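Order of appearance sets the numbers: ligands from 1, and atoms from 1 within every ligand. Quantities reported herein were computed from a predicted structural model and do not represent experimental measurements. What's counted below: heavy atoms across the whole structure, side chains too, no hydrogens, waters or symmetry copies. Heads up: numbering here begins at 1 and tracks the sequence.
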Amino acid sequence: MTKDEIILANKEFLFPAVFHYYQEPLVIARAKNQYVWDADGNQYLDFFGGIVTVSVGHCNEQVNAKIHRQLDTLQHVSTVFANEPQAALAKKIASLTPGGQLTKSFFTNSGTEANETAILAARCYTGNTEIVALRHSYHGRSATAMSLTGQGAWRVGMPQAGIVHAHNAYCYRCPFGLTYPACEVKCAQDMEELIRSTTPGNIAGFIAEPIQGVGGFITPPKEYFPIVERIVRNHGGIFISDEVQTGWGRTGDKWFGIEQWGVTPDVITGAKGLANGSPIGLTVAKPEVADSIQRLTISTFGGNPVTTTAAKAVIDFIEEQNLLANCTETGAYLRAGLEDLKSKHEIIGDVRGMGLLQAIELVQDRETKAPAATETALAMEAARENRLLVGKGGMYGNVLRISPPMNIGRADVDELLKLLDRSLVACAAMAAGVAK
Ligand SMILES: Cc1ncc(COP(=O)(O)O)c(C=O)c1O
């Protein structure tokens with residue numbers, strides 16, 4: 001198919017809700033390491049990694065060699081049979097969870113299903129129904145996951161009962177109009193009032209992304225999760241950490257994002273970067289929580305030998321290459337470069353994130369913080385022109401998200417900074433043209 005035929009077929013044969021970045025969709029033909037090539041043969045630096053999913057580089061040779069071997073050995077059996085790749089992955093994951101305390105895994109095909117399983121476990125374990133999620137969150141696209149999600153644009157259909165939304169720790173736009181640390185983390189303290197006023201008092205659990213991904217890499221202060229954890233546990237709830245974007249070392253030094261706040265959750269969910277592009281969902285829980293799901297359950301493709309081989313190969317690669325340290329070191333270098341760009345470009349209102357999960361929030365005016373949504377769309381187009389892929393996010397559509405493969409180095413960051421700088425200059429020129 002030609003590029004135009006692909007775009008046409010997308011329009012004609014896919015649900016229109018399947019949206020694409022850019023005014024003209026970008027057709028990607030192939031990829032290797034930190035680069036992708038479009039259908040016309042143009043090369044792009046990929047600092048979004050297929051939405052925080054290409055964790056160890058496109059078509060990673062070591063990972064793919066293991067996938068190929070497994071594909072020719074055993075491709076599928078379903079969860080009603082045991083197989084070695086699933087067992088080996090579950091054993092490995094148990095050893096990586098905080099304090100080795102979360103030891104039982106359930107595998108599915110996506111982050112959505114991982115979160116479904118986590119909510120089910122919370123309700124079975126506690127006997128309570130109510131779940132507290134966060135505003136600005138994103139947890140997936142099933143009925144439950146959309147009801148957990150705290151952004152209207154991603155909630156379709158009838159929201160489910162039994163889910164309430166707490167304020168998030170969005171310091172740049174504090175929901176209480178306060179400033180950290182003088183605020184005494186009011187957003188966390190407010191959890192008590194929320195539970196007392198909108199639930200029967202006993203809750204099943206709390207679910208949060210340590211850093212809100214689709215929300216625009218919103219990163220809470222260090223006190224936030226410990227305070228919330230105490231309140232949630234006092235009300236009988238368990239703590240679920242949605243690590244679909246923050247897991248596997250991306251935030252630096254730790255395997256899971258929530259460890260940066262010193263909290264040990266009862267359940268962790270994972271997907272995306274765990275298998276570098278092979279579809280996988282993971283719900284790993286403390287044994288007593290996992291054991292509370294007593295009825296039968298099945299996931300036809302869950303624990304698939306090929307995807308679990310891929311995931312184990314990714315974890316092995318992360319360990320061998322010491323990528324947790326690279327996320328810290330190269331992440332700090334990236335962060336410093338983004339702060340430099342902030343001092344040059346007025347449009348950057350905030351730089352935030354951890355490790356190799358960094359974002360810039362664009363504003364029309366640093367005083368009013370009016371979201372620069374139009375300019376962000378223009379910056380995306382300019383980045384494409386400059387052969388750079390980054391992500392867009394934030395409830396107001398004004399955040400550029402940067403999440404490259406975790407095995408990049410300083411030279412790649414230098415290239416990103418150069419291309420991003422150029423794109424922001426072009427964006428300012430385009431915005432001036434639009435305003436005329
Ligand atoms: C934090 C988080 N949780 C859950 C999901 C849903 O994952 P999936 O799209 O694999 O269902 C996403 C997807 O972007 C996510 O970012």
Side-chain angles (χ1 to χ4, degrees), residues 15 17-21 48-55 106-122 131 133-151 153-156 163 165 168-170 205-220 225 239-251 256-258 260 265 267-284 299 301-302 304 307-308 310-311 314 353-359 390-395 397 399 401-403:
F15 278 28
V18 182
F19 79 104
H20 295 114
Y21 276 164
F48 195 36
I51 322 183
V52 204
T53 297
V54 181
S55 48
F106 185 75
F107 295 108
T108 47
N109 312 291
S110 64
T112 298
E113 289 169 89
N115 286 334
E116 282 279 348
T117 311
I119 299 303
L120 175 71
I131 299 286
L134 291 180
R135 298 185 189 187
H136 295 239
S137 64
Y138 182 86
H139 294 291
R141 55 164 304 283
S142 65
T144 306
M146 282 193 291
S147 305
L148 294 171
T149 292
Q151 298 184 54
W154 298 103
R155 290 164 64 95
V156 194
I163 298 170
H165 288 85
N168 62 341
Y170 195 172
F206 166 72
I207 183 167
E209 305 152 84
I211 296 175
Q212 293 183 317
V214 178
F217 295 178
I218 298 169
T219 311
F225 284 119
F239 193 113
I240 302 165
S241 186
D242 178 341
E243 302 269 355
V244 168
Q245 299 209 12
T246 49
W248 319 109
R250 182 162 287 281
T251 60
F256 298 99
I258 196 64
Q260 308 285 3
V267 180
I268 286 175
T269 59
K272 290 190 187 283
L274 169 57
N276 203 41
S278 295
I280 193 164
L282 160 74
T283 310
V284 61
S299 169
F301 292 121
N304 175 280
T307 50
T308 49
V314 167
M354 269 188 199
L356 284 176
L357 196 70
Q358 298 286 339
V390 291
K392 189 155 94 81
M395 196 157 83
V399 179
R401 296 194 284 159
I402 298 164
S403 53

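- Less than 4.0 angstrom separates some heavy atom of S110 from each of these atoms of ligand 1: 10 (O), 11 (O).
- T112 contributes no side-chain N or O that, together with a main-chain N or O of G140, makes up a donor-acceptor pair within less than 3.5 Å.
- Put simply, the side chain of Q245 does not reach to within 4.5 Å of the side chain of I211, judged on heavy atoms.
- For ligand 1, the atoms sitting less than 4.0 Å from at least one non-hydrogen atom of T112 are 6 (C), 7 (O), 8 (P), 11 (O), numbered in the order shown with element in parentheses.
- At a heavy-atom cutoff of 4.0 Å, ligand 1 is contacted by no atom of E113, backbone or side chain.
- Neither the backbone nor the side chain of V52 has any atom closer than 4.0 Å to an atom of ligand 1 (non-hydrogen atoms only).
- Considering backbone and side-chain atoms alike, D242 places an N or O below 3.5 Å from some N or O of ligand 1.
- Note: F206 and F225 have tilted aromatic rings, judged against thresholds of 30 and 60 degrees for the angle between ring planes.
- No side-chain heavy atom of W248 sits less than 4.5 Å from a side-chain heavy atom of V314.
- Nearest heavy atoms, V399 versus A359: CG1-CB, 3.6 Å.
- At least one side-chain heavy atom of S137 sits under 4.5 Å from a side-chain heavy atom of E209.
- Note on ligand 1: K272 sits in its first shell, one or more heavy atoms being nearer than 4.0 Å.
- When each atom of ligand 1 is checked for a heavy atom of G111 under 4.0 Å away, the hits are 6 (C), 7 (O), 8 (P), 10 (O), 11 (O).
- Distance check, rounded to the nearest 0.5 Å: OG1 of T219 to CG of L357 gives 7.0 Å.
- Residue contacts with ligand 1, taken as heavy atom pairs separated by less than 4.0 Å, involve E209 solely via side-chain atoms from C-beta onward.
- In the vicinity of N115, heavy-atom distances shorter than 4.0 Å reach the ligand 1 atoms 3 (N), 4 (C).
- The nearest protein atom to atom 16 (O) of ligand 1, hydrogens excluded, is given as Q245 NE2, 2.8 Å; this is a heavy-atom distance.
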